[in-house]
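What follows is a short report on a single structure.
Residue numbers start at 1 and run along the sequence shown. When reading the values below, keep in mind they use all heavy atoms of this one structure, side chains included, and skip hydrogens, waters and symmetry mates.
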Amino acid sequence: MRGRRRRAREADPVPEPFTIDDEVSHLTRIRSEPSQKTLGAFYAGRKRGISTFGLLSGRESGRSGAGGFSRADCAYAARKHLPTKGPWCVDDMTSEAYVSQFSSDGSLLVAGFRAYSSLSPTVHIVNVQSSGKESQANVTEIHDGLEFSNDDDDEYSFGIFSVKFSKDGQEIVVGNSDRSINVYDLRANKVSVRIRAHAADVNAVTFADESGNLLYSGSDDNLCKVWDRRCLAREKPAGVLTGHLDGITFIDSRGDGRYFISNCKDQTIKLWDVRKMSASIKGRQPRFFDWDYRWMSFPLEARHCKHPNDQSLATYRGHSVLRTLIRCYFSPVYSTGQRYIYTGSSDENVYIYDVVTGDIVEKLSWHGSIIRDCTWHPYNLTIVSSSWDGYLARWEASGDEDDLSVLTENEQRTSPYRQSYTRHLLL
């Protein structure tokens, strides 16, 4: 009797080489690499790197042309010194750190922890100038509640997943579990726009640029959409961008009304150009695997799956998006020329990608739990990471790592409760 022939083992899928659109690559390079004038002054057209010392020496000797640096020269010099030293403790709480953001001028750092808020249709505006006052049960002189629900809705009819101020600070846009986008007019003190935007939770929404006319949204229906508030007839988007294979967790705009990035449960960040969007969805959204990111590991066989109608410009892989809506951002214009994309990760690291090459140029490792958010100072070479271990940690481009204030392995923990529980037992 002939034995059953053993089926040959299928080889693991080979990841596709990184590719990026030529135009965005060029635009990123001219913002973050020495100008042609500077290169010509140093090397007369030869392709060689220029050290920071070389730039400074050239300026002193007059070789840099006008005797000063262009903005691209400054970004090139600064990005050679990434904030990887440390970390140092900014704050240590007994609940998970969910968000951390520098203000646009870098003068403030705002952080949010799990015990502070819950999912509801209300956004609270906090006057940071009164932060020295003691709040008794979040009294109204400190917290102003903005109600996003309809009059007919119950108090907790939906939860808000994403909140973003407009550039002028006069409006707030939110994405919610009601599959909608709402815009709140702070001057009129009411919701001015309601859009039934997606077929599932809207996890991410942001203003595209300073005008406030364009909005980007991302949803658990796997789609990114572009909305033009000047023409919202029948709640139809200006365009749709397909390419992700699972729910989008966050969106960050480059600020030019053209490019943005999205983080996704398919374990990728994608870069998009709104000029490549479609008027409608082409075909059915593919689903190659069945899993739940809140408690399951990502299927290995799905790691290199590709959407048949992928419209993205580039895809960045390496970080992990599990259990929570992890955020990603472009690095600052001033210090890096937006040369990098950085993101938190469920594998307890901050990842920094090179936009042009797709390489992971740095991985900041110290935390003992998920890093949901991180923020890069708009002018200083500083990153702050916020983790479910309860820590806000600060990373710098320089500093003595033998400094006793640097966080050590002995201070690591997987939960913010472990330390407080231990203290209770000791007492």
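Although no hydrogens or angles enter the test, the distance criterion places no donor-acceptor pair under 3.5 Å between the side chain of T324 and the main chain of I326. For S331 (side chain) and T336 (main-chain N/O), no donor-acceptor pair under 3.5 Å exists by modelled atom type. Listed for the S25 side chain is no donor-acceptor partner under 3.5 Å among the backbone atoms of D21. Between the side chain of E147 and the backbone N or O of T122, no donor-acceptor pair lies under 3.5 Å. Using modelled atom types, one side-chain atom of H377 and one backbone atom of G106 make a donor-acceptor pair closer than 3.5 Å. Between the side chain of Y391 and the backbone N or O of G368, no donor-acceptor pair lies under 3.5 Å. For the pair S312 (side chain) and D310 (backbone), a donor-acceptor distance under 3.5 Å is absent. Between the side chain of D359 and the backbone N or O of V361, no donor-acceptor pair lies under 3.5 Å.
Q338 and S32 form no side-chain donor-acceptor contact under 3.5 Å, judged by distance and modelled atom types alone. For the residue pair Y379 and D105, no side-chain donor N or O sits within less than 3.5 Å of a side-chain acceptor on the partner. In summary, the side chains of D266 and H307 do not present any donor paired with an acceptor at a separation below 3.5 Å, with no hydrogens or angles considered. Under the 3.5 Å distance criterion, with hydrogens and angles disregarded, a donor-acceptor pair is assigned to the side chains of K270 and T315. Between the side chains of T84 and W395, no donor-acceptor pair of N or O atoms lies under 3.5 Å. Side-chain atoms of D347 and S345 form a donor-acceptor pair, as typed in the model, at a separation below 3.5 Å. In summary, the side chains of D220 and N203 do present a donor paired with an acceptor at a separation below 3.5 Å, with no hydrogens or angles considered.
A 4.5 Å side-chain heavy-atom check between W388 and R372 finds at least one atom pair inside the cut-off. Using a 4.5 Å heavy-atom threshold, the side chains of S162 and V202 count as separate. Looking at L322 and W295, their side chains never come closer than 4.5 Å, going by heavy atoms from C-beta outward. With contacts defined as side-chain heavy-atom distances shorter than 4.5 Å, the pair I269/Y353 qualifies. A heavy-atom distance below 4.5 Å is not found between the side chains of P83 and T382. Considering only heavy atoms from C-beta on, V205 stays 4.5 Å or farther from I251 through its side chain. A 4.5 Å side-chain heavy-atom check between N182 and V193 finds every atom pair outside the cut-off. Side-chain contact check for D73 versus P34: some heavy-atom pair is nearer than 4.5 Å.
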Self-check item: Stepwise side chain to side chain contact (heavy atoms under 4.5 Å, CB included) test for R294 and K265
Solution: CA-CA 10 Å; R294 293 171 296 180; K265 299 172 188 176; over 6 Å; no
Quiz item: Could you go step by step and tell me if Y340 and F330 meet the ring-ring contact (aromatic ring centres under 6.0 Å, His included) rule?
Solution: CA-CA 6 Å; Y340 304 108; F330 288 101; over 10 Å; no
Exercise. Begin from the C-alpha positions of Q101 and V384 and carry the test side chain to side chain contact (heavy atoms under 4.5 Å, CB included) through to its verdict.
Key: CA-CA 8 Å; Q101 285 296 294; V384 171; over 6 Å; no
Quiz item: After noting the C-alpha distance and the side-chain angles of R413 and D92, does the key distance pass the salt bridge (charged side-chain N to carboxylate O under 4.0 Å, His left out) rule?
Solution: CA-CA 11 Å; R413 61 187 183 221; D92 175 9; 2.3 Å; yes
Practice problem: Mind running salt bridge (charged side-chain N to carboxylate O under 4.0 Å, His left out) on K167 and D209 for me, showing each step along the way? | Solution: CA-CA 8 Å; K167 190 69 174 181; D209 55 21; over 6 Å; no
Quiz item: Is there a salt bridge (charged side-chain N to carboxylate O under 4.0 Å, His left out) between R394 and E396 once you walk through the steps?
Solution: CA-CA 7 Å; R394 173 174 56 88; E396 301 282 357; 2.8 Å; yes
Practice problem: Would you check, one step at a time, whether the test salt bridge (charged side-chain N to carboxylate O under 4.0 Å, His left out) holds for K190 with D185? | Solution: CA-CA 6 Å; K190 65 178 183 179; D185 186 330; over 6 Å; no
Practice problem: Would you please test R258 and E23 for side chain to side chain contact (heavy atoms under 4.5 Å, CB included) and show each step? | Solution: CA-CA 12 Å; R258 180 177 297 175; E23 181 179 346; 3.4 Å; yes
Quiz prompt | Criterion side chain to side chain contact (heavy atoms under 4.5 Å, CB included) on V173 and Y184, from CA distance to verdict | solution = CA-CA 6 Å; V173 62; Y184 197 99; over 6 Å; no
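Between W272 and H244, the ring center distance clears the sub-6.0 Å criterion. The ring of Y216 has its center no closer than 6.0 angstrom to the ring center of W227. Ring-centre distance between W376 and Y342: below the 6.0 Å cut-off. Ring centroids of W291 and F298 are separated by less than 6.0 Å, placing the two rings close together.
One finds the CG atom of L325 at 6.0 Å from the OG1 atom of T249 (value rounded to the nearest 0.5 Å). With values rounded to the nearest 0.5 angstrom, I370 atom CD1 is found 12.0 Å from N349 atom CG. The OG atom of S387 sits 8.0 Å away from the CH2 atom of W366 when rounded to the nearest 0.5 Å. Distance check, rounded to the nearest 0.5 Å: OG of S100 to CZ of R327 gives 8.5 Å. Between E33 atom CD and T28 atom OG1 the span is 9.5 Å, to the nearest 0.5 Å. Atom-to-atom distance recorded for T268:OG1 and R317:CZ is 6.0 Å, nearest 0.5 angstrom.
Counting all heavy atoms, side chain and backbone alike, S385 lies closest to H367 at OG-NE2, 2.8 Å. Considering every non-hydrogen atom in both F207 and K164, the closest pair reads CE1-O, 3.6 Å. When every heavy atom of S346 is checked against every heavy atom of V321, the shortest pair comes out as OG-N, 3.8 Å. Scanning both residues, N222 and G247, for their nearest heavy atoms gives OD1-N, 3.5 Å. Shown here for A75 and G337, the closest heavy-atom pair between the two residues is CB-N, 3.5 Å. Minimum heavy-atom separation, A97 to S386: CB-CB, 3.7 Å.
Screening T375, D373, T343, D252 for a side-chain hydrogen bond (donor to acceptor under 3.5 Å, both in side chains) with Y329, the sole residue that qualifies is D373.
Within 6.0 Å of NZ on K306 lie more than 12 heavy atoms contributed by other residues, nucleotides or ligands. No more than 12 heavy atoms of other residues, nucleotides or ligands sit less than 6.0 Å from atom CG of D22. In R323, the CZ atom is not crowded: 12 or fewer heavy atoms of neighbouring residues, nucleotides or ligands sit closer than 6.0 Å. The 12-atom threshold is exceeded at CZ of R196, counting heavy atoms of other residues, nucleotides or ligands nearer than 6.0 Å.
Using a 30° and 60° split on the angle between ring planes, F18 and Y316 fall in the tilted class, from 30° to 60°.
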